[in-house]
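Comments concern the structure below.
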Amino acid sequence: MSPEKAQAYWKENISTILKLLVVWFVVSYGCGILFINELNAIEISGVKLGFWFAQQGAIYVFVALIFVYVKLMTGIDEKYGVHE
C-alpha cells in the first residue's frame with residue numbers, strides 16, 4: 001500500500017472511530033446525566049426514559065455501536081484492499 005493510500009485509510013478509520021465515540025458520549029453522558037430531566041418526562045411501561053437510558057438503554061446502544069463499527073470498518077477495509 002502506498003503511503004498516500006495508507007494515510008487516507010487511517011484518516012477514514014480515525015474519523016469513523018471519533019464519530020462513534022461522539023455517539024457513545026452523547027448517549028452515556030448526555031442521556032444518562034445531562035438530559036435526564038427532559039427524558040424523565042417520557043415513560044415507557046411505567047419506567048422513566050432517563051432512568052432507563054442510565055440503567056440499560058446505554059448498554060444496548062453500546063452493543064449496537066460495536067456492530068455498526070464492524071460494518072463500517074469492513075467497508076473501509078474493502079475500499080482500501082486490506083480486508084482478509
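Just so we're clear, the structure is a prediction, and the values are computed from it rather than from any experiment.
- Rounded to the nearest 0.5 angstrom, Leu34 CG and Tyr29 OH are separated by 5.0 Å.
- Residues Lys5 and Ser2 have side chains in contact (heavy-atom distance under 4.5 Å, counting atoms from C-beta outward).
- Within a 6.0 Å radius of CD in Gln7, other residues, nucleotides and ligands contribute 12 heavy atoms or fewer.
- Residue Tyr80 places its OH atom among more than 12 non-hydrogen atoms of other residues, nucleotides or ligands, all under 6.0 Å distant.
- Side-chain heavy atoms closer than 4.5 Å link hydrophobic residues (I, L, V, M, F, W, Y) into clusters, and following such links, even through other members, never connects Ile36 to Val27.
- One distance of note links CD1 of Ile14 with CD1 of Ile17; it measures 4.5 Å at 0.5 Å rounding.
- Looking at heavy atoms from C-beta onward, Leu39 lies out of side-chain contact with Lys48 at the 4.5 angstrom threshold.
- Using a 4.5 Å cut-off between side-chain heavy atoms of Ile, Leu, Val, Met, Phe, Trp and Tyr, with links allowed through other members, Leu21 and Phe25 fall into the same hydrophobic cluster.
- Judged purely by atom type and a 3.5 angstrom limit, Asp77 has no side-chain atom pairing as donor or acceptor with the backbone of Val82.
- The aromatic rings of Trp52 and Tyr60 sit tilted, their planes meeting at an angle between 30° and 60°.
- Atom CG of Asn40 and atom CD1 of Ile42 lie 9.5 Å apart (nearest 0.5 Å).
- A distance of 11.5 Å separates CD of Glu38 from CG of Leu49, quoted to the nearest 0.5 Å.
- Within the model, atoms CD1 of Ile59 and OG of Ser28 stand 11.5 Å from one another, a figure rounded to the nearest 0.5 Å.
- In this structure, Thr74 OG1 and Tyr69 OH are separated by 9.5 Å, a value rounded to the nearest 0.5 Å.
- Residues Phe62 and Met73 fall within the same hydrophobic cluster, defined by Ile, Leu, Val, Met, Phe, Trp and Tyr side chains chained together at heavy-atom separations under 4.5 Å.
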